[in-house]
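What follows is a set of notes on a single structure, which appears directly below.
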Amino acid sequence: MANGMGALWVAASGLQNSQNALNTTGNNLANVDTPGYVRQQILFEDRKYLPFAGAAAISKQTAGLGVSIADVLHNRDVFLDQSYRTETGRQIFYSTNYEATKEVENLFQEMNGEAFQEILSGKTSLWAAFQEFVKDPSLSVNQTLVLQKASLFVTRSKAVYSGLKEYQQEVNVQINDDIDRINELGQTIKKLNLQIQKIEAGKQETAMNLRDERDMALDELSKLAKISYHEEANNIVTVSLEGQEFVTEVSVYEMGKDIDKSTGLITPIWPHLKNQKVFNLQGEISSELNTDIGELKALVLARGDRYADYRSMLVSGDVYAKETGQSVALNTEAEFDNLIHAIVTTVNDLLCPNTTTQVNDATNELEFLDGNGDILYRASGGAGGVYYLMDTDGNVITDAAGNRIEVTEDTKFLDTNTASTGSDGKLPPQELFSRIGCERYTEITGADGKTYYMYNNEDLTDTSKMYTTQSIFINDVIKEDSSMIPCLKQNGEVNYGMAEAISKAWSSNDWTLNPTQTGKWSFAKYYEQMVGEIGMNGKIFKSTAEDLENTVSTIDTRRNSVIGVSSDEELTNMIRFQNGYNASSRYMNVVSEMLEHIIERLG
């Protein structure tokens, strides 16, 4: 213990440091509800010890000069921080995908209060109209019913598909906002880095409030994308985002936006890496690879990079799974459009039957067969896959301009032998569903005076020439006069067989949901499987998100036990420091009285 006046120094240090500890405790209590605030903890240490004069025989005797504050700890656990940020990003990834499946599922179940299932195969559906049509195809009331339900079918189908596209645009807005926020957080972290470095450069002060702000920015950034970070020796935090440099000691490499001119869909890119895409949407999504983290990736994946249609089905299962299957919106658009395409083309092909094609290897001729399997037309040639149409005598036919009529194995003609007609009795018959970009047939009049109705194949590079949901409409001729629906044989008899074939088509198990599956379904079962698949995926996403939410909650509880302010603990500390202050005060009074006694009585 210090002697004489030195004892006052000891007492003063106790008073001063107890007061500082009380101030720190008060600050903690004042910020108990402040978001992101990390509690501060006082660490005391002894002041310098002074040796007594002379040499001790056994051990050197020293006198202490009191207590001081060694440090004010800024309590954090870097391992808990890293775990919290990783698992939070993962939980948000799955919850975002769940919200996407829920939105898509609601679109089918809540269209103006009517489920699409009713439009497809319910009592007032197009299928129900054809059940009446088969009873008497020539009856006006049945034809009108088909027209009405076909119009409703097209309207509802377009509403669903448009709803899916609108949902993609809504997600697109979220993606745009997330990119802006990520860049804003990057700039915030850079700014805080410089401020912290400036304050802590002298190694005398810790920029606690600024560090809290920086940690909050990292917390938020980890929810938006996968990050890794490291604090350098100069107190600068560098951040990598999705495996690329984002915040460095000197700059922020902001994320860019590649906007598709035709759709307006935004793709996140790295401008400093020659516009490299931020995400590989065809890669495997798994926790083992840490590819299931962040809201932005979940949104981009759920939205997809385009508007999908039945063309997405024309690939292998592996390609479909990578390019379409992982996206909620794309997968649903592709499967739904494939269903509409199947219904539309099935009905049209029965109302307006086309030839089938085979190659006769013996004669090297292309043969066009009617519905009975008989040869309707022949074509010669075969060089480079090009054939030339022939007449019944085997002569190559030319058109009115003298040009040979070229055909390929993909060419189809109207099957004039089995085709039905409308009330006008003319060929070609009218299709029920038309494309906005072309007619069903091109009429070619040969030099032989015969008219050939060549089918205009769907052009997969032009949606207006495809039987896709966004391009179909009810044939204007039939819309004006429902009696033009093909229902009569060319001899004037009612074609019950054709009507029955349309009715049976609804229950035919010919349709596969997507290339990754092997089961075949009817139209109604296909729809049920599609909606069921959406619901099943939603349950998986929801279950995973809930499990991760529990994990995040557990980590957050442990994290808050380190960084959070406990009012009970702080009140205990306050009592302890107050008692220390009181003890130092009493000690000072005793020393003061002692000195007074020595001076006044013994001096």
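For the 3.5 Å distance criterion, the side chains of Asp318 and Ser316 fail to qualify, holding no donor opposite an acceptor. Side chain to side chain, Ser251 and Thr248 meet the donor-acceptor criterion of an N or O pair below 3.5 Å. Looking only at atom types and distance, the side chain of Gln326 has no donor-acceptor partner in the side chain of Asn331 under 3.5 Å away. Side chains of Glu249 and Gln197: a donor-acceptor N/O pair is absent below 3.5 angstrom, by distance only. Donor-acceptor pairing under 3.5 Å is recorded for the side chains of Thr468 and Asp337. A side-chain donor from one of Glu431 and Ser434 sits under 3.5 Å from a side-chain acceptor of the other. Side-chain polar atoms of Asn338 and Tyr526 form a donor-acceptor pair below 3.5 angstrom. Residues Gln82 and Thr86 bring a donor and an acceptor atom of their side chains to less than 3.5 Å of each other. Side-chain contact annotation: Thr408 with Asp410, donor-acceptor N/O pair under 3.5 Å absent. A donor-acceptor contact under 3.5 angstrom links the side chains of Arg214 and Asn193, judged on distance only.
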Using a 3.5 Å cut-off and no angle test, enumerate the donor-acceptor pairs between side-chain atoms of residues 303-310 and protein atoms at least two apart in sequence or in another chain.
unit_1	atom_1	unit_2	atom_2	d
Arg303	NH1	Asn172	OD1	2.6
Arg303	NH1	Ile266	O	2.8
Arg303	NH2	Ile266	O	2.9
Arg306	NH1	Glu323	O	3.4
Arg306	NH2	Ser312	OG	3.4
Arg306	NH2	Thr324	OG1	2.7
Tyr307	OH	Gln169	NE2	2.6
Asp309	OD1	Arg311	N	3.0
Asp309	OD1	Arg311	NE	3.0
Asp309	OD2	Arg311	NE	3.3
Asp309	OD2	Arg311	NH2	2.8
Tyr310	OH	Glu458	OE1	2.4

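For the pair Pro515 and Met313, the tightest heavy-atom approach, listed with the atom from each and the gap, is CG-O, 3.3 Å. Looking at every heavy atom in both residues, Gly256 comes nearest to Pro271 through N-CD, 3.5 Å. Heavy atoms only, all atoms of each residue included: Asn290 and Ile293 are closest at OD1-CD1, 3.9 Å. Shown here for Tyr98 and Gly538, the closest heavy-atom pair between the two residues is CD1-O, 3.2 Å. The nearest pair of heavy atoms linking Asp260 to Ser262 is OD1-OG, 2.5 Å. Contact between Gly186 and Phe246 at its shortest, heavy atoms only, is CA-CE2, 3.6 Å.
Proximity of Leu164 to Thr332: side-chain heavy atoms (C-beta onward) are separated by under 4.5 Å at one or more points. Between Leu241 and Tyr229 the shortest side-chain heavy-atom distance does not fall below 4.5 Å. Residues Ser125 and Phe153 have side chains not in contact (no heavy-atom distance under 4.5 Å, counting atoms from C-beta outward). Two residues are said to be in side-chain contact when any heavy atoms from C-beta on lie closer than 4.5 Å; His341 and Met466 fail this criterion. For the pair Phe130/Val347, a side-chain contact is recorded, criterion being any heavy-atom separation below 4.5 Å from C-beta on. No side-chain heavy atom of Thr357 sits under 4.5 Å from any side-chain heavy atom of Thr411. Counting heavy atoms from C-beta on, the side chains of Ser151 and Phe473 never come closer than 4.5 Å. Between Asn475 and Phe433, every side-chain heavy-atom pair lies at or beyond the 4.5 Å cut-off.
With values rounded to the nearest 0.5 angstrom, Ile199 atom CD1 is found 11.5 Å from Leu194 atom CG. Residue Glu242 holds its CD atom at 10.5 Å from CG of Leu224, rounded to the nearest 0.5 Å. Rounded to the nearest 0.5 angstrom, Leu265 CG and Ile175 CD1 are separated by 8.0 Å.
More than 12 heavy atoms of other residues, nucleotides or ligands lie within 6.0 Å of CD in Gln187, so this atom counts as buried by the packing criterion. Counted within 6.0 Å of CD on Glu245, heavy atoms from surrounding residues, nucleotides or ligands total 12 or fewer; the atom is thus considered open. When the shell of 6.0 Å around NZ of Lys158 is examined, it contains more than 12 heavy atoms from other residues, nucleotides or ligands.
Among residues two or more places apart in sequence or in another chain, the salt bridge (Lys or Arg N to Asp or Glu O under 4.0 Å) test is passed with Lys198 by none. For Lys322, the salt bridge (Lys or Arg N to Asp or Glu O under 4.0 Å) criterion is met by no residue, not counting sequence neighbours.
The stretch residues 518-531 participates, sequence neighbours left out, in these salt bridge (Lys or Arg N to Asp or Glu O under 4.0 Å) pairs: Lys525-Glu528. Applying the salt bridge (Lys or Arg N to Asp or Glu O under 4.0 Å) test to residues at least two apart or on different chains, the pairs with a partner in residues 283-298 are Arg90-Asp292. Screening residues 542-551 for side chain to side chain donor-acceptor pair (under 3.5 Å) gives no qualifying pairs among residues at least two apart or on separate chains.
Between the side chain of Ser83 and the backbone N or O of Leu80 there is no donor-acceptor pair closer than 3.5 Å. No donor-acceptor distance shorter than 3.5 angstrom exists from the side chain of Asp258 to the backbone of Ile269, with no hydrogens or angles considered. Remark: the backbone N or O of Ala302 is paired with a side-chain donor or acceptor of Ser327 at under 3.5 angstrom. Looking only at distances, a side-chain donor or acceptor of Asn183 sits under 3.5 Å from a matching main-chain atom of Met255.
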Take Lys223 and Gln91 through the test side-chain contact (heavy atoms from CB on, under 4.5 Å) and record every step on the way to the result.
-> CA-CA 9 Å; Lys223 297 176 183 179; Gln91 191 274 332; over 6 Å; no
So Trp506 and Phe523, ring-ring contact (aromatic ring centres under 6.0 Å, His included) or not? Walk me through it.
-> CA-CA 6 Å; Trp506 243 260; Phe523 293 143; 5.3 Å; yes
Take Lys165 and Glu333 through the test side-chain contact (heavy atoms from CB on, under 4.5 Å) and record every step on the way to the result.
-> CA-CA 9 Å; Lys165 291 173 66 175; Glu333 284 177 343; 3.8 Å; yes
Do Lys102 and Phe541 pass the side-chain contact (heavy atoms from CB on, under 4.5 Å) test, and can you show the C-alpha distance, the side-chain angles, and the key distance before you say yes or no?
-> CA-CA 10 Å; Lys102 188 167 67 173; Phe541 288 137; over 6 Å; no
What do the steps show when you test Trp511 against Thr346 for side-chain contact (heavy atoms from CB on, under 4.5 Å), and what is the final call?
-> CA-CA 11 Å; Trp511 312 105; Thr346 297; 3.4 Å; yes
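For the pair Arg156 and Glu118, the salt-bridge criterion is not met [side-chain N within less than 4.0 Å of a carboxylate O]. Using a cut-off of 4.0 Å between Lys/Arg side-chain N and Asp/Glu carboxylate O, Asp215 and Arg85 are scored as salt-bridged. Contact check on Asp219 versus Arg559 returns a salt bridge, with a Lys/Arg side-chain nitrogen under 4.0 Å from an Asp/Glu carboxylate oxygen. Look at Arg181 and Glu184 and you find a salt bridge, because one of the NZ, NE, NH1 or NH2 atoms lies within 4.0 Å of a carboxylate O, short of that distance. We find that Glu213 and Lys191 are not joined by a salt bridge, their nearest charged nitrogen and carboxylate oxygen being 4.0 Å or further apart. Salt-bridge check for Asp180 with Lys257: passed, with a basic side-chain N closer than 4.0 Å to an acidic carboxylate O.
Using cut-offs of 30° and 60° for the angle between ring planes, the Phe336 and Phe116 rings count as perpendicular.
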